Amino acid sequence: MTSKLKRKANKAGAAERSCALPALPQTQGQKENNLFPLCSKASQNIQSPQVQAAGRAPEKLWNRKAKIVGEFGRIALEFLKKGSNSKIYEGAARKLNVAVDTVQHGVEGLMYLLSESSKLMISEVDFQDSVVVLGFPEELNKLLLQLYLDNQKEIRNILSELAPNLPHYHNLEWRLDVQLASRALRQQIKPTVTFKLHLEQNGEESAKVLQTDPATLLHLIQQLEQALGEMKTTHCRRIVRNIK
Amino acid sequence: MITVGQLVDFQWKLAMAISSDTCRSLNYPYISMTLKVANSSGQITSKSFEMTIPQFQVSVVVWCGLLPRTCLQSLHV
């Protein structure tokens, strides 16, 4: 019981610090820098009244705990994917006989741990070192590591959708016209191209109608092909090679 | 009181749509019009639209409903 509440109390500290923490840059060969900055607040929370009031843990609760941590992990992942649901907090609090706030802090702390470690893409060793600082039993550390490794890719996919979004291409319709007469000039032949550019942003669609003459259109195509051609320069090739 | 904008300019052009991405051989004549309207604060907005030849003929007749018949004859499209 002690360890479970201690874990929840520590995670509460982590969740509270979530807005103020800067992401530490990764440097090779300097493990200390890669550790999660959870240390100072975590040690403060070990002294919290919840922990002191808990008392000694009976041995048979140990088996139950692994399942609970797994359950908490599953809830945290669901919340990362779909957003939080307060009914689940109430149900869990009732089953475990603890306050709803404790459960909420616990889950939020776990969510923060998973999202920050996926964001920084820290290695197994660094993750383990960071979690060891919190003082949990070895089984719990292994469980957390497994949770992190299993879901790292999925969490990264979700986080990648949080980037700012400009309107992007949805569809392009075109039409070739020939102007035969206007108010100012009769009997002329003037070819033009009319476009309807459909754009999409955050689920909203918009359309823009544009018109150009063939010479400008050719120039436009030339500029776009030049932009694509930039991918083939040595500078760009070097960067792409390093990313891959 | 509803304020109505004042027509400042009226431009038209006759064009033929030859082909598009959905139909390679359209051959469809149409009239394109651009109206410039000034609202009560003097701001000019321009609105463009297209219509088929019969639609244009109908609209001409409707707009010129108040003019005497002799004026109508000089407005050949």
Side-chain angles (χ1 to χ4, degrees), chain A residues 161 164-232, chain B residues 5-39 43-77:
Chain A
E161 288 171 23
N165 198 5
L166 284 174
H168 53 261
Y169 172 85
H170 185 69
N171 189 17
L172 179 70
E173 298 173 31
W174 60 266
R175 188 180 77 185
L176 174 65
D177 308 322
V178 170
Q179 183 175 312
L180 300 171
S182 78
R183 183 173 146 200
L185 180 65
R186 308 294 158 90
Q187 288 176 341
Q188 57 186 215
I189 302 246
K190 188 165 128 181
T192 54
V193 183
T194 312
F195 292 109
K196 189 165 181 188
L197 179 63
H198 296 264
L199 299 168
E200 204 217 319
Q201 182 183 30
N202 293 332
E204 286 171 22
E205 289 201 15
S206 60
K208 241 183 152 48
V209 180
L210 308 161
Q211 199 175 55
T212 176
D213 57 284
T216 314
L217 181 62
L218 282 173
H219 178 72
L220 182 69
I221 294 173
Q222 206 180 48
Q223 292 292 329
L224 290 173
E225 282 181 346
Q226 211 173 54
L228 272 182
E230 279 298 307
M231 274 290 283
K232 300 203 172 80
Chain B
Q6 191 175 33
L7 182 67
V8 169
D9 190 18
F10 158 72
Q11 299 252 3
W12 61 264
K13 69 177 197 212
L14 166 70
M16 182 111 139
I18 303 208
S19 79
S20 90
D21 60 327
T22 44
C23 176
R24 284 308 155 106
S25 172
L26 271 176
N27 293 333
Y28 160 77
Y30 65 92
I31 299 267
S32 168
M33 285 221 275
T34 305
L35 298 172
K36 285 215 173 102
V37 177
N39 65 8
Q43 216 179 7
I44 299 188
T45 48
S46 79
K47 268 239 154 355
S48 308
F49 47 91
E50 292 180 358
M51 52 182 114
T52 62
I53 305 282
Q55 279 177 333
F56 180 61
Q57 285 169 332
V58 164
S59 66
V60 163
V61 168
V62 164
W63 291 351
C64 306
L66 296 173
L67 295 176
R69 290 198 77 210
T70 47
C71 283
L72 261 181
Q73 278 161 355
S74 64
L75 276 170
H76 39 255
V77 173

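Predicted model, so just to flag it, every value in this text is computed and none were measured.
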So that I can tick it off, tell me whether A:R183 and B:D9 are bridged by a salt bridge, with the cut-off set at under 4.0 angstrom between side-chain N and carboxylate O.
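Answer for the salt bridge query: yes.
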Counting only heavy atoms closer than 4.5 Å, note whether A:L185 contacts chain B via side chain, backbone, both or neither.
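No part of A:L185 comes within 4.5 Å of chain B.
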Do B:L35 and B:F10 come within less than 4.5 Å of each other through their side chains, counting heavy atoms only?
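Heavy-atom side-chain distance check passes, below 4.5 Å.
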Greatest number of heavy atom pairs closer than 4.5 Å to chain A - which of B:C23, B:A17, B:S20:
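Option with the top pair count is B:S20.
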side-chain contact (heavy atoms from CB on, under 4.5 Å) for A:T194 and A:D177? Distances and angles first, verdict last.
CA-CA 7 Å; A:T194 312; A:D177 308 322; 2.9 Å; yes
Could you report the tightest heavy-atom contact between A:Q211 and A:T192, atom names first, then the distance?
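In terms of heavy atoms, the two residues are closest at NE2-OG1, 4.1 Å.
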Non-hydrogen atoms of chain A under 4.5 Å away: do they reach the side chain of B:Y28, the backbone, both or neither?
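The answer is neither part of B:Y28.
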